[in-house]
Every structure is written in structure tokens, then in C-alpha cells.
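Chain letters run A, B, ... following the sequence lines, proteins first, then strands; residues in each count from 1.
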Number of protein chains: 2
Amino acid sequence: MTSDTPRRLLGHSIAATLEERILLGEIAAGSKLDETSLARDFDVSRTPVREALQIVVSRGLAVRMPYKGVVVSDITRDRIDDLFEAMGEIEALCGRFSAQRMSMEERAVLLGLHETMSDLALQGGAEAYEAANTRFHQAIYAGSHNSDFVEMAEAMRLKLSPFRRSQLADRARIEHSNAEHAQIVEAIIERDGQAAEKALRRHLLSAAQTMLEKWTQTRPEVSSTRSRAS
Amino acid sequence: MTSDTPRRLLGHSIAATLEERILLGEIAAGSKLDETSLARDFDVSRTPVREALQIVVSRGLAVRMPYKGVVVSDITRDRIDDLFEAMGEIEALCGRFSAQRMSMEERAVLLGLHETMSDLALQGGAEAYEAANTRFHQAIYAGSHNSDFVEMAEAMRLKLSPFRRSQLADRARIEHSNAEHAQIVEAIIERDGQAAEKALRRHLLSAAQTMLEKWTQTRPEVSSTRSRAS
DNA sequence: CTCTCGTTACTTGCATACAATATTAAACGA
DNA sequence: TCGTTTAATATTGTATGCAAGTAACGAGAG
């Protein structure tokens, strides 16, 4: 195992740095992401750059204009709202089905994960909690017993990941999150689909709130309101 | 996402024929899709073949086993059930939000689309109805006013497309579908999110039924049942 | 006969070169 | 001056070659 070799694919790491720069505002909205220029900057060929651009586009951070190149899209407040709303609805969906379909073993595993996280909330580090948090939510996806739900949820999670990356949770947030998890676990174990749905929506809503707080600190210009009702 | 490619990309057409062969059972489940062999068969280079395999995998018709190649996955009854269930839930989701958020103009457009389809159901061809049907459902996606919902719905629609392809609807099915559309439109116009949700779930359920009927005619071996409850 | 180690073959990511197509610009004529 | 046609440029798709890493296979040792 030569650690020298890139465990992470070249295209992926390029995509990651591009995402970070876009989110930090270093790469302005509307900028053209030229394949050849990026290839020169990163000192690689066009092939991994193409893959990276595919990823960035799939995350919604840029769009391909046919024969005009890839341009980074504007990160608006509305965009972030959409993201969290969609994640919330998908998680709610998975939670509802999980409440109905999880086996006893799966419920036990979920409860075990939650108990582990309760310990981590008190004494563990933020990164350990975050890792466990991912497993917790993935258990709920899997509990829906529908591979397409799992896929959609994972896709949304990936879309949110660049935003989550900068969000270093403090202890207060972790404890709050853990309390919400308790409600989710109880609803699922009690087979109460409606309650699980509501609890997960609420959970994602509060996650969005804290995320937006941190976000507006670094990029105050991102703020707007739209009226969604007709 | 290639928004509008007039010329069909090589990789896409290769993917389409591969999908068709897989769905017809000409390519058995478990077969290895070798890049170089396919490149030779289609008389192209490995590059478009790679893109084609990416597409086939993204549709769920095959999976990549690391360092073992791409193998076509088994099309089970459970897989199809998952697909339609997920599509139904996503459409229900979009319908619920559309009922709440659509502008008056959007509601009018939806109604207009439905009226056009009612005419087509009586006198138009099946392919014309199918095209209008796609626009109808896309209008509901867009009415949710959330770009991520739209993306997920479109992704699911793409996943279902290889199955839909072989399904040539007869007049009875079209009329039934149109009646269901009437309920959907009414619920959305009346701003009744719950009703829209239910109507769309029902609509997709009946679509799944007719699809499965046709499917079992061509591939009778595909049938199974699983118990989903715990 | 079984286990281990080394070799081979295959998958796969990356680089580079080439070709085709669309957009833009420019030149030209009316 | 305006419209049309043609040339330049950029984006994008494709072809091949190569290198690196992993899995499968087989030979030799115990």
C-alpha cells in the first residue's frame, strides 16, 4: 500500500477544490470554467478536469451552457433553501417508510446508533459525532427498503456536502441535534410514520437554520427572500 | 445534463441499445460488459463506451464491481416495484407542493395541457399523447418551485424510460390515464395538497400495473414477491 | 494436499492528439 | 447600413497509448 498513490481520484480532488473556492466566493458567479485553462492550472490533462466539471455541475454549483463552456452558478439564498427543503422531504419520506418497514433488528441498530451518539454528544469530538450522524441518517435511508429512496437521499446528501463541509458544529448544536434524533428514533420504533416524517422535517429545518447562520457570517451578501405562494 | 442535443451522442446511442438488450433479456444478468469488447463490437473507441457504461450504471441496469468490470444487474420484480414506488412518491411530493405554490398562470397552463390531452385521448395517436403526458408531468414538477424536486423527478423519469419505451399504450389505458389526470388537475387547482398527493400516487400505481402486465408477457420469468413489513 | 508467494492478465485512470460542430467575428456585396 | 456568407475560434467529442494497481491463477514449498 503505497500511500504515495492517489487514493482519491484526480477528478474528485479537483472537483473538491473547485467547490470550495466557489462556496468561498473566490471564484465568482458567472466565471467560465475553461477545461484547458483548468488543466494547465492543476497541471493535469483535460480528462480528469472533464470529470471534475461533471461533478461540479451535478452538484448544481455550475451549469453547462452548450458550446459556451461551464459557468459557475450563483449561490443564492433561495438555492440553499431549495436544497434543505428537498433534503428534508426526502428524509421525511425515508423516515415514514422506515417506521413502517424496518425489521426489529434494524430498529435495534438504529437505537444503538442513537445511544452511541448520545455518548459522543457529551464527550466525543465534533468530527466523530458527524461521522456517526451520517451513519444514523443512512440507516434511516436503508430502512425504507427501497434502493431508489436510498439513492436519492445519498445524492441529496452529496449535494449538501460542500455546504456541510465548512459547518463545524459546536456543542450546543450537537446537543440540540441529539435531542431531535431521540424524537426520530422513538417515532420510528413506535411505527409512527407521521411522527417520523414530522420529526425529520423539523430536524432538517433546524440544521438549515444553523447552517445559514454560519453561512451569512462568511458571505453576508447571500440573502434574499422570495414569495413562494401564488 | 445535456439539455438539448440535436445530434445523438455516440455514448448515448450505445447506452440505449445496451439498455434495450438488457431489458429484452438478450444480455443476461451477470454478464460482464467489457469496455474493449464493446468498443470492438460497436466499432468505436473505448471513450464513448465508457460514457455509455456510466449511463447504464446510472440507470441501475448494471453495477460497477471495482476491478472486476461492469456487470448487468438482475431485473427483478422487486426492482421494478421500487422504481415505480419511488416515482410515485416523488410525483406525489411535487403535486403536494404544486397545489400550494403554483401561480394562477401555472394552474391555467396545467389545465390547458389536460384539456389538450383529453382531445388527444379521443382522436390523437399514442405517441402524441405520450409526448403531451411528459409535458403534463413536467409541469407538475416545475410547479413545486424547487429545482431539486424537479431534478429528482426527471432523474426518476429517466430511470423509468427504458421500461416505458416498450410500453405502447392502448386506447383503454390512455382513457383511464386521462381520467386520473382530471382528478390530479382538480386537486391542484383547488389547492388541495393531500388530494393531489393521493391522486398522483394512485396514478403511478395504475401505470405500474399496466406496465407490469406488458412486461410479464415478454419476460414471464420476472416475478417474485417479498414481504416488506417487519 | 494445502498454503503462500509471485506472475500474469485485466481493469481503469490519465495523457495526448485529432476531428467535428457550433458560435463568433469579419469580410464582402447589395 | 444592413444582410449574407465565409473564415476563425472555441468547445466538445473521439481515438489511442500508456502506466499503475488489483484480482486471478498457477507454481513451488511445506
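For residues 146-162 of chain A, the set of pairs meeting the salt bridge (Lys or Arg N to Asp or Glu O under 4.0 Å) definition, not counting sequence neighbours, comprises A:E91-A:R157, A:D148-B:R79, A:D148-B:K159, A:E151-B:K159, A:K159-B:D148, A:K159-B:E151.
With sequence neighbours excluded, the residues satisfying ring pair (Phe, Tyr, Trp, His ring centres under 6.0 Å) with B:F136 are B:H181. Under the rule for a side chain to side chain donor-acceptor pair (under 3.5 Å), the partners of B:R46 that lie at least two apart in sequence or sit in another chain are B:E35. For A:F97, the ring pair (Phe, Tyr, Trp, His ring centres under 6.0 Å) partners are A:F149, not counting sequence neighbours.
Atom CG in A:L38 sits about 12 Å away from atom P in D:dT12, given to the nearest Å. Remark: P of C:dT24 and CE of A:M65 are 10 Å apart, rounded to the nearest angstrom. When the C1' atom of C:dT24 is taken as reference, atom NZ of A:K68 falls 9 Å away, rounded to whole Å. The distance between atom CD of A:E35 and atom P of D:dT14, rounded to the nearest whole Å, is 13 Å. The OH atom of A:Y67 sits 8 Å away from the P atom of C:dT23 (whole-angstrom rounding).
Applying a 4.0 Å cut-off to non-hydrogen atoms, the residues of residues 46-58 of chain B that approach DNA chain D are B:R46, B:T47, B:P48, B:E51, listed by residue number.
Side-chain proximity of A:L10 to C:dC14, C:dA22, D:dT14: nearest is C:dC14. Taking the side chain of A:D34 as heavy atoms from C-beta on, and the options C:dC14, D:dT12, D:dT11, the nearest nucleotide is D:dT11. Counting only heavy atoms from C-beta on, A:R64 has its side chain closest to D:dT12 among D:dT22, D:dT12, C:dT16.
In this model, the phosphate group of D:dA10 is not approached by any side-chain N or O of A:K32 to a distance below 4.0 Å at OP1 or OP2.
Side chain to side chain, B:T76 and B:D78 fail the donor-acceptor criterion of an N or O pair below 3.5 Å.
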Would you tabulate the side-chain donor-acceptor contacts of residues 113-121 of chain A under 3.5 Å, counting partners in other chains and residues two or more places apart, or write 'none'?
residue : atom : partner : partner atom : Å
A:T116  : OG1  : A:G112  : O            : 2.9
A:S118  : OG   : A:H114  : O            : 3.0
A:S118  : OG   : A:N178  : OD1          : 3.1

